[in-house]
Amino acid sequence: MSQPLRAAVLTVSDSVFQGRRKDGSGPAVKELLEKSGWKVVHSQVIADDLAVLSATLREMSSKGLEGIFTTGGTGVSPRDVTPEATRKVISREIPGLAEQMRHQGSQGTPTAILSRALAGICGNSLILNLPGSPQGAVESLQAVLAVLPHAVGLITGKNVH
């Protein structure tokens with residue numbers, strides 16, 4: 001039996017970080033990943049802060065985690081900086097994943113097309129930005145979940161294309 005893929009789930013939200021709101025999306029993403037065979041080894045809430053999030057993404061990648069999933073901070077408000085933090089640390093973008101998430105999300109939620117979520121590669125880790133709402137995060141992850149193990153295999157060199 002092969003080892004489960006290891007993941008971090010990072011909730012990016014000022015209000016959750018400050019204790020003004022309960023985190024719904026991080027636990028929902030963690031639950032879906034674990035039901036899908038991933039092992040979530042790290043969960044954390046981070047304020048909408050570009051430098052802190054970039055540093056945390058680099059740190060998680062340096063631990064050799066196959067997947068780093070962010071939730072929140074992908075919209076168009078001034079404090080939404082998750083895509084910018086992700087862009088600072090990735091070496092290559094995987095636009096098809098974010099496109100599929102937006103496409104799938106827009107079927108039931110027209111405002112899903114406002115998401116600026118990114119997916120990309122940092123070291124041997126796949127970073128995937130998900131929306132901040134629990135429903136949006138889960139639906140977005142479900143839209144691409146089936147291809148993630150193959151993508152990780154290609155990124156890490158375990159799969160040859």
Candidates T56, I127, T82 - the one meeting side chain to side chain contact (heavy atoms under 4.5 Å, CB included) with L10: T56
So do [Y] and [X] actually touch side chain to side chain, heavy atoms under 4.5 Å?
X   : Y    : answer
D23 : F17  : no
L53 : D49  : no
V9  : H42  : no
L32 : F69  : no
E66 : L126 : no
T74 : L114 : no
R87 : E93  : yes

Heavy atoms only: give me the nearest [X]-[Y] pair and the separation to one decimal.
X    : Y    : value
A47  : V12  : O-CG1, 4.0 Å
A112 : R102 : O-CG, 3.7 Å
S54  : K88  : OG-CD, 3.5 Å
V45  : S13  : CG1-O, 4.4 Å
P110 : I113 : O-CG1, 3.3 Å
S61  : C122 : OG-O, 2.7 Å

Which donor-acceptor pairs under 3.5 Å do the side chains of residues 128-137 make with protein atoms, sequence neighbours left out?
residue, atom, partner, partner atom, Å
N129, OD1, T86, OG1, 3.4
N129, OD1, L118, N, 3.0
N129, ND2, T70, OG1, 2.9
N129, ND2, T86, OG1, 3.0
S133, OG, G136, N, 2.9
Q135, NE2, E139, OE2, 3.0

With rounding to the nearest 0.5 angstrom, report the [atom1] to [atom2] distance, [X] to [Y].
X    : Y    : atom1 : atom2 : answer
L33  : L145 : CG    : CG    : 6.5 Å
K63  : S125 : NZ    : OG    : 11.5 Å
R92  : I155 : CZ    : CD1   : 7.5 Å
N124 : K158 : CG    : NZ    : 8.5 Å

Single-linkage hydrophobic cluster, 4.5 Å side-chain cutoff, I94 and I90 together: no
By side-chain hydrogen bond (donor to acceptor under 3.5 Å, both in side chains) - contacts of T71 (at least two apart): S25
Residue pair S15 / R21, side-chain donor-acceptor N/O under 3.5 Å: yes
Salt-bridge criterion met for E31 and K35 (N-O under 4.0 Å): yes
D80 with R116: basic N within carboxylate O range, under 4.0 Å: no
